[in-house]
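This report refers to the structure that appears directly beneath it.
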Amino acid sequence: MTAELILRLFIAGVLGGLIGFEREFRSKEAGLRTHFLVALGSALFMIISQYGFDGLQAGRFDVSRVAAQVVTGIGFIGAGIIIFQKNSVRGLTTAAGLWVTAAIGMSCGGGMYILAAVTTVMVLIVLEVMHYALPQFGEKAVSITFSADSKENLAKVMDSFKARRLPVTSYSIKALENGRLLATIDVKVRHGEYTAAPGRILDEMEGIRLISIE
């Protein structure tokens, strides 16, 4: 029995590590170590839930609460990863990955190896497919900072973005000591052109100096 339980922990760590490696490779907030620990801990909690309270299941103790609390507890880790910045939500996919990694770990802890392995493969396929598909179909919020020599040229920049179907979601303008205007605008750009498209627009405008694109 001990060897079987160690195998469950080992498989949970390996499967969680595979998802974590993909996140690490994409330079996301939670990487290999985090996913490995989440899967390993979830598997251990599942084993404790199954075998740690022998003789108590028929009594007034509900041992399934140990496993149930894993689902709730993983939410705190996910909430710490998700941030709202510049009119876009970041870290949501990684948080969801941790959530499903916990489920994979619990599956391994329950001895459902095939189910855990299939889920891991599905997660990796979706993450990789979306990584290459989103640049073709998705949009990304981009923050562009530039300076303009007049309000008229600043207005022309805004009109150019609208004319090229790059919606401006928010903007801020600040007057500099040299008389120029410092502007920061947030626009939604297709992933594959999130630096090229705004850069081309600003290069065509007179009196505009590009500072950064994030």
Side-chain angles (χ1 to χ4, degrees), residues 19-35 38 74-102 122-214:
I19 298 176
F21 178 79
E22 192 279 337
R23 296 285 84 191
E24 189 95 33
F25 183 74
R26 302 298 177 193
S27 300
K28 299 303 179 180
E29 292 79 1
L32 189 151
R33 289 175 296 181
T34 302
H35 285 76
V38 167
I74 197 64
F76 289 96
I77 300 178
I81 296 173
I82 301 172
I83 60 174
F84 182 79
Q85 185 180 30
K86 296 176 182 178
N87 294 313
S88 64
V89 179
R90 302 178 185 273
L92 191 59
T93 301
T94 301
L98 285 174
W99 183 64
V100 74
T101 299
M122 292 174 64
V123 170
L124 293 174
I125 290 176
V126 169
L127 289 176
E128 286 301 304
V129 168
M130 288 298 101
H131 177 76
Y132 291 102
L134 284 177
Q136 303 298 325
F137 305 103
E139 290 183 334
K140 178 180 180 179
V142 177
S143 179
I144 305 168
T145 302
F146 62 93
S147 64
D149 58 358
S150 65
K151 292 183 178 179
E152 290 74 15
N153 285 335
L154 181 60
K156 290 180 181 179
V157 172
M158 298 293 189
D159 293 338
S160 295
F161 276 106
K162 293 179 181 178
R164 302 194 185 191
R165 296 182 179 180
L166 298 175
V168 177
T169 57
S170 65
Y171 66 90
S172 62
I173 302 173
K174 178 182 178 182
L176 301 177
E177 295 181 356
N178 58 6
R180 296 181 67 88
L181 299 173
L182 180 66
T184 300
I185 63 176
D186 296 327
V187 299
K188 288 187 175 181
V189 186
R190 191 173 296 277
H191 274 259
E193 298 182 336
Y194 75 91
T195 56
R200 287 196 300 266
I201 294 176
L202 296 177
D203 288 340
E204 296 172 357
M205 307 296 296
E206 295 183 358
I208 302 299
R209 185 183 304 160
L210 176 64
I211 297 176
S212 65
I213 300 177
E214 299 178 355

Which value, rounded to the nearest 0.5 Å, describes the distance between Lys156 atom NZ and Glu206 atom CD?
7.5 Å
For Ile19 and Leu124, which heavy atoms make the closest approach, and how far apart are they?
CA-CD2, 3.9 Å
Where do Thr145 and Leu210 come nearest, in terms of heavy atoms and distance?
O-CD1, 3.7 Å
Could you tell me if the side chain of Ile185 sits less than 4.5 Å from the side chain of Met158, heavy atoms only?
yes
Looking at every non-hydrogen atom in both residues, tell me the closest pair between Val157 and Ile208 and how far apart they are.
CG2-CD1, 3.6 Å
So Leu181 and Lys174, do their side chains get closer than 4.5 Å, heavy atoms only?
no
Closest heavy-atom pair, Ser160 versus Met205, reported as atoms and distance to 0.1 Å, is OG-SD, 3.7 Å
Indicate the atoms forming the closest heavy-atom contact of Ile211 with Ser147, along with that distance.
CD1-N, 4.3 Å
Exercise: identify the closest heavy-atom pair between Thr184 and Ser143:
CG2-OG, 3.5 Å
State whether the side chain of Arg209 and the backbone N or O of Asp149 hold a donor-acceptor pair below 3.5 Å, judged by distance alone.
no
